[in-house]
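Just below is one structure, and these are the notes that go with it.
What you see is a predicted model; the values in this text were computed from it and never measured. Counting starts at 1 for both ligands and their atoms, following the listed order.
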Amino acid sequence: MLKVYNTLTRSYEEFVPMNDGRVKMFVCGQTVYDDAHIGHAKTYIDFDIVARWLRHKGYDLTYLQNITDVDDKIIARAKERGMDPVELARMYEKRFLEDMDSLGVRNSVSDYPRSHDYIEPVRDQIQLLLNNGYAYIRDNDVFYDVSKFADYTKLSGMKLEDLERHRIEPDERKKNPYDFSLWKGAKEGEPSWEISLRSGWKTVKLKGRPGWHIEDTAITATIFGPQYDLHGGAHELIFPHQTNEIAQAEAAFGKKPFVKYWLHSGVLNIKGQKMSKSLKNFITIRSVLERNTREAIRLMVAKTHYRKELNFTDDTIKEAQRHMDYLYSALTVFNNMPEGSNEGVDSEVAKLTREFEDDFTAAMDDDFNTSLALSKLTITINRLKAIAESGSSISRPQKDRAISTIVKMANTLGLLEEETYRQKLPDEVRKLISRREALRSQKNFAESDTIRDRLKSEFGIEVEDTEFGTVWYRR
Ligand SMILES: [Zn+2]
């Protein structure tokens, strides 16, 4: 049974989708005006793991993530560069999707709908809000009247009067300070569309573009309908963005709850500080991938529970890379274990694998406790390596079963997706590696170093001793 922490109810709940076996999930996506940074990597990896786990459990999942391709930030950046805003958005969208490919998260997402393609549904939703008395027109703008929506603060748990201290765009035409834009009148040279709306007896034509919050509910209303199962996103989007999504959808369609489960991921800080323009501490996904593998980034993210804050430093990513290298080398050692029937070893490995699958599943079913799941994975691979080094043999089918279980579970975190652990190690290499480890445990470093040099000069294998154990690899 899967339990999730639901921000809306502030409690752990059993996950039961609205329609048996089918899950509709939406995660707030990228505003494409710059390269994605390592904080974005955390959010999208967190929800990629959620998606992978739901599919692993057999749910038929549709996972949408929007691309915001019309927005103030895009317009401002395009102006700075003397570029056309649409051209700028397309360029960064392409780079964003390349990054998502590099992180191994793109395939989880069923579709990346763009705001540009949902202007008509945006118009329809604004019309419903006007009809239902939740919206008002000022010049070429349409605002949402927050005072009409009773449950406005239910997601954030804040008091209405506290909202004024948060990000509020001031505008003297608003009825209440926390009213927000549904439609923004376009200034000269900005991307715009003309929509026509009925207001009372009149039909008005408004030239402009969608507000930031309404593109998401226009997309989900079109593809999912007025209600769906799971909405995710970074914690800082709860207010105002997602608070406004709920206000729009529930007021337009009259169905509650708009979304049954709200899941939020914690922030990624750089060396204990928030990423910000003034601190100039933005680290792009691309730059981290220059020196580390995708799986090292994913392991670093999985090591912290998704709801918690992750502190990114040079050490956290280096340690994750060593950890990942260790998992691969240890699994290679097990994969090279001599084959032959041995009932004692077979039943020991069978028991170990069964317990691992149960423990890993229990951890993931407990609100995606990836940190615990990862430690179960590491401990189990470590034990298999020790069994392989004990000098005994294992039957081929039992070895294959153990590896396929390990890999199947690790894949739900996006780990051990490379098949390098399948490489055959010559018997001599295998013996040298375990001989060297034995020497090290006897503190005979002189002889163990001689073996390390031999592995390098004769077989091209590099050996490194890490906090997880000995890691070796071929360059
Ligand atoms: Zn959103």
Side-chain angles (χ1 to χ4, degrees), residues 6-8 24-34 36-37 39-48 50-51 62-74 89 92-93 96-97 100 105 108-119 121-122 125-126 129 144 146 149 152-156 166-169 178 180-184 209-253 257-267 306:
N6 187 356
T7 308
L8 185 62
K24 297 169 179 175
M25 162 167 158
F26 179 87
V27 168
C28 290
Q30 198 74 355
T31 301
V32 282
Y33 71 103
D34 206 341
H37 57 64
H40 296 128
K42 179 186 185 307
T43 309
Y44 299 130
I45 290 171
D46 284 334
F47 287 102
D48 172 69
V50 168
T62 308
Y63 171 14
L64 300 178
Q65 216 184 87
N66 66 308
I67 298 263
T68 300
D69 61 354
V70 51
D71 178 82
D72 293 342
K73 287 175 185 158
I74 296 172
Y92 281 116
E93 177 190 291
F96 170 70
L97 293 176
M100 296 302 104
V105 306
S108 278
V109 179
S110 317
D111 196 12
Y112 284 99
R114 292 169 173 159
S115 14
H116 265 208
D117 299 326
Y118 285 82
I119 303 299
V122 164
Q125 204 167 109
I126 296 175
L129 290 168
Y144 187 102
V146 168
F149 188 72
Y152 185 63
T153 56
K154 65 184 165 188
L155 185 64
S156 65
H166 289 263
R167 287 188 285 166
I168 298 280
E169 288 181 47
Y178 24 80
F180 58 91
S181 291
L182 296 167
W183 186 258
K184 289 182 152 191
R209 57 194 158 90
W212 173 34
H213 319 296
I214 199 157
E215 55 178 283
D216 294 32
T217 49
I219 287 168
T220 57
T222 307
I223 301 174
F224 288 157
Q227 290 180 296
Y228 59 96
D229 303 293
L230 200 162
H231 193 317
H235 193 266
E236 69 259 28
L237 293 178
I238 292 176
F239 182 81
H241 180 58
Q242 295 171 342
T243 293
N244 294 347
E245 282 191 47
I246 295 178
Q248 289 163 173
E250 293 187 355
F253 306 111
F258 160 48
V259 174
K260 197 170 174 191
Y261 303 98
W262 288 82
L263 272 59
H264 290 102
S265 61
V267 72
Y306 76 93

Is a donor from one side chain sitting under 3.5 angstrom from an acceptor on the other, for [X] and [Y]?
X	Y	result
Y112	E93	no
Q248	H213	no
E245	H231	yes

Exercise. Hey, are D72 and R209 close enough for a salt bridge, meaning a charged N less than 4.0 Å from a carboxylate O?
Worked result: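 Salt bridge flag = yes for R209 with D72.
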For this session: Indicate yes or no for a side-chain donor-acceptor contact from N66 to the backbone of C28 under 3.5 Å, with no hydrogens or angles considered.
Result: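 Checking the backbone N and O of C28 against the side chain of N66, no donor-acceptor pair under 3.5 Å is found.
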For this session: Look only at the side chain of Q125 and the backbone of T217, and say whether a donor-acceptor pair between them is shorter than 3.5 Å.
Result: yes
Seminar exercise, completed: Protein-side N, O or S atoms sitting under 2.8 Å from the Zn ion (ligand 1) are C28 SG, D216 OD2, H241 NE2
